[in-house]
Amino acid sequence: MNIRIPRAIAIAALAALPAAAQADVKIGFLGTFSGPAAALGQDQYDGFMLAVEQNGGKLGGTAVQVVKEDDQLKPDLGVQLVQKLLEKDKVDLVTGVTFSNVMMAVAKPLAESGVLFVGSNAGPAPLAGKQCSANFFFTSFQNDNQAEVLGQYATDRKYAKMMLLAPNYQSGRDQVAGFKRFFKGGTVVAEVYAQLNQPDFSAEIAQIQAAQPDAIFAFFPGGMGVNFVKQMNQAGLLHKLPVLTVSTVDGTTLPALKDTALGVLAGAAWGPDLPNAANKAFVAAFEQKHKRIPSQYAAQGYNAALAINSALAKTGGSTADKAATRAAMRSAGFNAVVGGFKFNTNGFPIQDQHVFEVAKDAQGRVSLKTIATPLPALRDAYVGECPLK
Amino acid sequence: MSGTAPNPSAAREAGPGASRWRAGATAALMAVGVAVPIYAALTGDTYLVALASRILVYALAAVGLNLALGFGGMVSFGHAMYLGLGAYAVLLLGASGVTNGWLQLAILVIVVGVVAAVVGTISLRTRGIAFIMITLAFAQLFYFLFVSLKAWGGDEGMSLPQPSSFGPFTGNRTALYFALLATLAAALAGTHRLVGSRFGLVLRATRVNERRVRALGTAPLPYRLAAYVLSALLCALAGFFLANLTGFVSPAYLAWTVSGELIVMVVLGGAGTVVGPVAGAVGLLVLEEGLKALTEHWMAILGPLIVLMVVLLRNGLWSLLPGGVTNEARR
Amino acid sequence: MSPAFLLTQVLNGVQFGLLLFLMAAGLTLVFGIMNFVNLAHGSLYMVGAYVAALTYGRTGSFALALVAAVVGVFVLGIVLDRLGFAALHRRDHLDQVLATFGVVLFANEAMRMLFGSAPLYMDAPAALSQPVVIAGFNYPAYRGAIIVAGLLVAVGLHLLIERTRLGMLIRAGASNRDMVSALGVNVGWLARLVFALGAALAGFAGAMVGPILSIQPGMGEPVLILTLVVIVVGGIGSIRGALFGALIVGIVDTLGRGVLPGLLHLVLSPSLASAAGPALASVGVYLLMAAVLAFKPDGLFPVRHS
């Protein structure tokens with residue numbers, strides 16, 4: 001992993017290259033690149049830059065310059081950096097944004113600026129509903145989507161008793177609500193909210209044993225997920241009942257879990273084994289460059305670059321006419337790595353949502369394997385509240 | 001503004017010649033403060049005003065913390081809590097129909113004053129490391145309270161329905177900037193007067209030797225508590241500006257790391273000097289920006305710099321200026 | 001809510017408490033004898049976990065991983081003390097907090113530069129990877145090992161401090177450092193040894209949690225804050241205080257999360273209970289600390305200073 005520094009320099013050099021070749025379009029990339037949660041932002045950026053690189057430093061036939069900013073997971077700093085990108089760097093587009101709290105903070109200044117925004121991770125509910133903006137597009141998901149597909153999966157499998165676990169914060173409660181929206185026919189025997197960034201899950205695991213559900217749904221992002229899966233395994237529960245998870249086993253945590261996580265299920269729109277041609281090319285190129293299996297965050301970043309590529313190609317590389325750029329983006333026809341992909345009227349994706357199982361891939365590495373697609377072409381639940389047509 | 005006020009404590013400073021350096025530096029800082037928006041307007045670099053506003057917010061909070069930490073010797077590890085309370089006051093009042101900025105400020109002063117008085121009364125029963133920890137505990141209590149307030153955005157925070165209303169200046173970023181600058185100047189002038197007064201004398205004495213103050217027939221607690229509450233109010237005021245500046249309020253404003261950064265600013269600039277914390281806030285935030293431009297691993301540089309600061313720069317940036325006030329609490 | 005369930009949760013609380021004790025014991029010794037607030041104690045714990053995970057990955061021996069973590073962090077403790085921590089002992093708390101805060105920033109970023117942002121892999125040794133059944137509940141055998149390790153350390157420290165000459169000096173140093181120095185004991189040497197001992201305990205704690213927690217940059221801080229709570233509740237400088245403080249915090253935290261929500265459902269409306277339960281649980285230990293300090297500012301088991 002000590003290839004990091006040379007790689008960072010390589011990326012910086014790459015970003016600087018198009019600038020030297022007189023960039024026509026400036027793109028601001030806001031993400032979380034420092035602190036414990038940096039892995040997600042880094043993957044979004046790596047995915048995005050891979051597409052730029054594959055196109056020879058151009059998107060839509062126009063040279064692009066990417067200005068990278070680190071929000072440190074601080075909402076107030078995010079607002080300031082968006083002002084910097086818009087007013088000092090005078091970027092034509094903004095992309096990235098890793099976490100929902102930063103997204104909510106920058107939403108207002110971004111929407112008011114009229115500059116196009118292509119989000120590649122955070123997709124909080126208010127921005128899909130009442131606070132939606134014609135300038136916002138998301139290549140990731142609406143936050144609830146990945147829980148919704150697991151709710152449908154639990155319904156399909158006729159689980160009678162479900163137990164739901166999440167950290168006690170807004171995203172956690174949204175995930176539980178998303179699961180319940182599609183879970184029909186059974187009962188939720190308990191909802192357990194753990195403390196944010198809590199290290200020890202023994203109290204929750206004892207509650208699981210007391211409630212004796214048919215399956216559990218868990219949303220524990222990042223390090224919490226690693227803790228939870230390890231401790232479930234040691235309690236002998238991981239293989240005793242189905243464990244349906246969101247953001248808990250993914251490209252950023254599987255290297256730390258390895259065989260421990262085998263058999264855990266995950267809901268997502270993307271996995272490395274999706275059979276479409278665009279995805280095969282993306283996974284091969286990413287693995288060759290970064291020597292690791294891409295995560296969904298890298299795929300979302302890559303998709304954002306593809307969307308911008310296709311929109312800029314339609315406008316001839318110009319973002320001067322905002323309405324035309326918006327229209328070009330909305331009708332963006334690109335081969336997303338998730339297979340079929342369309343923007344809904346609120347700018348959020350309409351895409352298949354799958355269930356994956358942690359399993360060994362052809363090379364014997366622990367990865368994600370598609371096992372079901374319970375919700376094809378899923379639209380988010382909030383689009384009805386969005387006045388955009 | 002610090003050179004003219006009568007200063008009973010001037011005796012311990014080196015002399016008029018030396019303190020002129022500090023007055024000059026203060027004037028220079030203020031001149032830069034006034035020049036920023038003019039320069040921005042001339043060059044069209046409006047981002048500069050946004051950056052400078054954020055620095056001023058933290059400078060104001062640091063000046064507030066300094067009152068407790070620098071002059072009173074109360075090492076509070078929880079002052080981000082008051083920054084957050086000030087910011088949430090704008091959101092909660094604005095959403096419930098109280099949009100008038102002056103009215104918001106009045107309510108904020110009363111509510112935060114009461115909270116700080118209660119928290120301070122309990123916390124000041126403890127000394128040393130226990131005080132550091134109990135202030136951290138109260139800040140964590142409020143942090144988790146706001147995280148669990150779903151109606152106000154929970155951990156994701158919430159955009160202000162509208163900025164605080166100040167007639168024609170509502171929502172004007174340049175007006176906000178000058179209001180911040182004026183508030184900071186007033187806070188500095190107020191601190192200067194306060195420190196030189198009998199109140200300040202007793203407060204500084206309690207920091208050095210509480211027993212002796214007691215022996216002289218003065219109860220230290222009211223002085224310490226008053227300084228603590230005043231310091232909290234200045235932080236809440238900074239929070240009021242922060243909410244209006246970003247148009248957004250989130251529990252991240254109350255995180256314990258923010259309390260830590262405020263302490264770094266105070267000490268970097270010079271705890272127990274009037275203007276030092278401003279220099280500290282400018283120094284730390286500009287340093288962060290600079291390091292981030294160098295490398296994504298900027299924290300690996302910032303960390304050792306903080307250690308070096310503690311080891312080498314014991315009395316802060318401000319003490320580099322001739323004028324020689326040393327902080328007598330630091331043995 | 002069956003008695004077996006309650007029993008299991010109390011056991012969980014005890015286990016979590018003993019884990020916190022491993023951290024708290026070292027920190028409280030350093031506090032007590034040197035009056036030194038070391039926020040980087042969490043970083044030592046993180047380094048212990050990294051060393052253990054890497055050694056385990058290379059050699060496949062869990063015992064070797066434990067030894068490597070303890071010895072490695074003990075040596076690191078001596079080096080850190082020599083490099084400048086010793087100079088901080090004579091500074092005030094504020095300087096100590098700041099300087100060690102700087103060390104925390106550096107340590108986290110250094111780990112990220114060396115090993116990346118993604119967590120490291122480490123599993124429990126095969127012999128302890130299966131659960132045992134207690135009163136109908138699966139209990140991980142590895143957690144049993146943590147309980148045993150915590151109790152052994154508690155007994156070992158008790159013997160060291162009450163029965164040995166070194167322990168006598170530590171006790172004396174905690175209550176009156178100048179007096180010990182005046183009696184001709186090299187306090188600098190004593191302090192360095194105690195600091196390294198505390199560091200080794202943090203490294204041991206890090207190695208022990210490797211199989212149950214995510215090994216990643218920043219893993220030390222959530223545990224550090226709880227450890228500070230433990231020490232302040234227990235009384236600074238007291239091993240006995242650290243043990244009881246750790247057990248109280250562990251049990252309050254675990255029961256707050258595992259039992260309180262169920263209890264609230266019995267007395268409150270469902271919506272109110274599901275909102276109040278987690279909120280109360282997350283502030284439980286802080287409420288506890290504020291309450292203890294408000295009534296007993298020196299903690300529950302204060303060391304008597306002469």
_Heavy-atom proximity to chain A below 4.5 Å, by part of C/L120_ = backbone
*Is the distance between the ring centroids of A/F220 and A/F201 less than 6.0 Å?*
yes
*asked:* When you compare the side chain of A/T32 with that of A/Q72, does any pair of heavy atoms fall below 4.5 Å?
replied: no
*Contact part of C/Q130 toward chain A, heavy-atom cut-off under 4.5 Å: side chain, backbone, both or neither?*
backbone
*If you tally heavy-atom pairs under 4.5 Å against chain A, which of C/A124, C/S129, C/P140, C/A141 wins?*
C/P140
*Give a yes or no on whether the backbone of C/V103 and the side-chain of C/T100 come within a donor-acceptor separation of less than 3.5 Å.*
no
_Most contacts with chain C, counted as non-hydrogen pairs under 4.5 angstrom, among A/Q198, A/K230, A/M224_ = A/K230
*Checking heavy atoms, do the side chain of C/N108, its backbone, both or neither come under 4.5 Å from chain A?*
neither
*Does the side chain of A/Q296 come under 3.5 Å of the side chain of A/D250 through a donor N or O and an acceptor N or O?*
no
_Restricting to non-hydrogen atoms, name the atom on A/V226 and the atom on C/P119 that form the minimum distance, rounded to 0.1 Å._
CG2-CG, 4.0 Å
*With chain A, which of C/M122, C/M111, C/E221 has the greatest number of heavy-atom pairs at distances under 4.5 Å?*
C/M122
